[in-house]
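To start, the structure under review is shown below, and the notes come after it.
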Amino acid sequence: MVSYLLLGDRKRLAESQSKFDTMPPFQQSAIEEPAMLSGIVNLFLFTVIGNVINDAFSLPVPGSVIGLVLLVIYLQISGTESESLDKVSQLCIRYLGVLFIPGCVGVFFLGDLLAQQWLPIVLAIFVATPFSLVVTALLVQWLLNRRTKSGHHHG
Amino acid sequence: MDETVTFLHSLLTRQLNNPVTILSINLGLYLLAEQLFIRTGRKAWLHPLLTVSLLIYLMIRYSPLELESYKQHSDLLIMLLAPFTVALAVPLSRQLHTLRRTAGQLLGSLLIGGFLAVIAGMSIAIAAGGAREVVISLANKSVTTAVAIVMGKQNGAIIPLVAAVVIVSGVFGSIVGPALCQKLGVTDQRAIGFAMGINAHAGGVARSFELDATMGGYASLGMCLCTVYMPLLVPLLIDLLL
């Protein structure tokens with residue numbers, strides 16, 4: 001803009017100004033932001049509802065999980081896909097890791113506990129996890145195959 | 001000269017313990033660590049969470065950043081765990097039509113597989129002489145970290161240990177899981193995915209999507225179903241075994 005004014009190029013100035021009038025540069029973000037906000041508000045709203053239910057009935061299931069279930073039910077019933085909620089939840093899932101930083105930092109201050117209890121922790125992580133993973137995979141495969149076979153019988 | 005040093009030191013102390021600085025440290029270091037992780041070809045031992053937490057630990061040890069103010073001002077991130085967990089509803093809702101076709105099989109697998117995941121971890125830890133709080137912390141390991149931490153708060157686990165155990169077993173399970181499954185004769189991508197979702201949650205889902213889209217879909221289904229199942233199962237098993 002400044003260079004146009006200095007050069008005195010009236011025509012280009014007028015062009016750029018007319019562009020400016022029809023499409024202000026902040027218009028796009030002005031449209032996007034409330035859209036993002038509605039997704040954020042929805043997530044918080046379902047979290048709050050979940051917390052209220054958890055609190056009111058003293059349930060063992062965390063409020064966030066109750067909120068998750070309610071949101072699934074809501075999405076299934078309404079059948080609509082909110083673009084804003086989509087965007088926000090993708091962002092949340094993408095950067096979920098950031099929220100675990102404080103917890104992970106805390107591990108470095110567990111020195112004594114880890115020195116005494118490293119064996120059960122190591123075994124549970126490095127033996128029990130792959131063990132139950134493989135057994136579960138075998139189980140799922142067996143159950144899914146059984147179904148296809150019985151399906152063939154019926155067919 | 002001494003005055004300048006003292007002045008700079010107190011300025012640094014004040015500003016490092018400022019909430020905005022602490023949030024910037026958390027987010028900024030994560031951004032850098034993630035870049036490093038991606039550019040070095042996603043080596044497990046360079047997992048961004050490992051790098052970030054080590055760097056922040058070193059800062060707390062060797063710089064005027066204080067543990068108390070770090071904890072206090074990181075509460076914002078912990079508070080956000082709940083709404084971020086609710087966000088998992090969106091992919092789960094989209095996966096739900098898959099569940100309808102094989103609902104019985106998958107629910108049966110979830111009930112048994114999830115039970116197995118918790119009981120295997122708990123019993124091996126008890127057998128190895130784990131203390132009560134440690135075993136409780138390990139019992140929470142088969143859900144995504146966000147839910148594990150909330151559950152841990154309710155059943156008296158050691159929260160930093162829960163976070164570490166869930167993340168490490170997720171990363172480890174997602175690395176060894178697919179190869180181990182194939183070696184033992186599991187060829188069905190859906191089966192590997194579902195087992196990865198139950199046992200290796202977020203890490204397993206990410207890895208599954210890298211390997212195969214179907215595997216990824218079933219992994220996210222398994223992980224999301226566990227967020228509902230585990231809070232019901234884990235308190236029962238803790239009462240039963242401890």
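Below, chains carry the letters A, B, ... as their sequence lines are ordered, and counting in each starts from 1. The analysis underlying the following values was restricted to heavy atoms, covering all of them including side chains, and did not include hydrogens, waters or symmetry mates.
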Heavy-atom pairs under 4.5 Å with chain B - which of [options] has more of them than the others?
options: A:S82, A:G106, A:C104, A:G63; result: A:C104
options: A:P130, A:G97, A:G50; result: A:G97
options: A:L119, A:V98, A:L45; result: A:V98
options: A:L70, A:L71, A:I66, A:N42; result: A:L71

Is [X] close to chain A through its backbone or its side chain, or both, or neither, when contacts mean heavy atoms under 4.5 Å?
X: B:L76; answer: neither
X: B:I159; answer: neither
X: B:S123; answer: neither
X: B:V176; answer: side chain
X: B:A163; answer: side chain
X: B:L29; answer: neither
X: B:L67; answer: side chain
X: B:P48; answer: neither
X: B:E34; answer: side chain
X: B:I158; answer: side chain
X: B:Y218; answer: neither
X: B:L116; answer: both

Side chain to side chain contact (heavy atoms under 4.5 Å, CB included) between B:V228 and A:V61, worked out: CA-CA 7 Å; B:V228 183; A:V61 182; 5.9 Å; no
Output the distance between atom [atom1] ([X]) and atom [atom2] ([Y]), rounded to the nearest 0.5 Å.
X: B:M79; Y: A:T47; atom1: CE; atom2: OG1; answer: 10.0 Å
X: B:L49; Y: A:F100; atom1: CG; atom2: CZ; answer: 7.5 Å
X: B:L138; Y: A:I125; atom1: CG; atom2: CD1; answer: 7.0 Å
X: B:L81; Y: A:L96; atom1: CG; atom2: CG; answer: 7.0 Å
X: B:K71; Y: A:F109; atom1: NZ; atom2: CZ; answer: 8.0 Å
X: B:M151; Y: A:S64; atom1: CE; atom2: OG; answer: 10.5 Å

A:Q141 side chain to B:G185 backbone, donor-acceptor under 3.5 Å: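 At least one qualifying donor-acceptor pair exists.
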N/O donor-acceptor pair under 3.5 Å between A:Q117 side chain and B:V134 backbone: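 Not a single qualifying donor-acceptor pair exists.
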CA sep, side-chain torsions, deciding dist, call: A:L133, B:C181, side chain to side chain contact (heavy atoms under 4.5 Å, CB included): CA-CA 8 Å; A:L133 198 155; B:C181 283; 3.8 Å; yes
B:Y57 and A:F108 aromatic ring geometry - parallel, tilted or perpendicular at 30°/60° bounds: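 Answer is parallel, since the angle falls under 30°.
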To check you understand the geometry: which heavy-atom pair defines the closest contact between [X] and [Y], and what is its length?
X: A:L68; Y: B:V86; value: N-CG2, 4.0 Å
X: B:L184; Y: A:V134; value: CD1-CG1, 3.2 Å
X: A:L139; Y: B:G113; value: CD2-N, 4.3 Å
X: A:L143; Y: B:G108; value: CD1-C, 4.5 Å
X: A:C92; Y: B:A87; value: CB-CB, 3.7 Å

Chi angles and distances behind the side chain to side chain contact (heavy atoms under 4.5 Å, CB included) call for B:Q105, A:V140: CA-CA 7 Å; B:Q105 284 81 1; A:V140 181; over 6 Å; no
Does [atom1] in [X] sit with more than 12 non-hydrogen atoms of other residues, nucleotides or ligands closer than 6.0 Å?
X: A:F126; atom1: CZ; result: yes
X: A:D112; atom1: CG; result: no
X: A:E83; atom1: CD; result: no

What part of [X] gets closer than 4.5 Å to chain B, counting heavy atoms only: side chain, backbone, both or neither?
X: A:L113; answer: side chain
X: A:L114; answer: side chain
X: A:V72; answer: both

Step-by-step ring pair (Phe, Tyr, Trp, His ring centres under 6.0 Å) determination, A:Y95 to B:F84: CA-CA 9 Å; A:Y95 287 108; B:F84 274 54; 9.1 Å; no
Side-chain donor-acceptor contact under 3.5 Å, A:S132 with B:N199: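 There is such a pair (donor and acceptor under 3.5 Å, judged by atom type) between the side chains of A:S132 and B:N199.
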Criterion side chain to side chain contact (heavy atoms under 4.5 Å, CB included) on B:L88 and A:I93, from CA distance to verdict: CA-CA 7 Å; B:L88 290 171; A:I93 293 165; 4.0 Å; yes
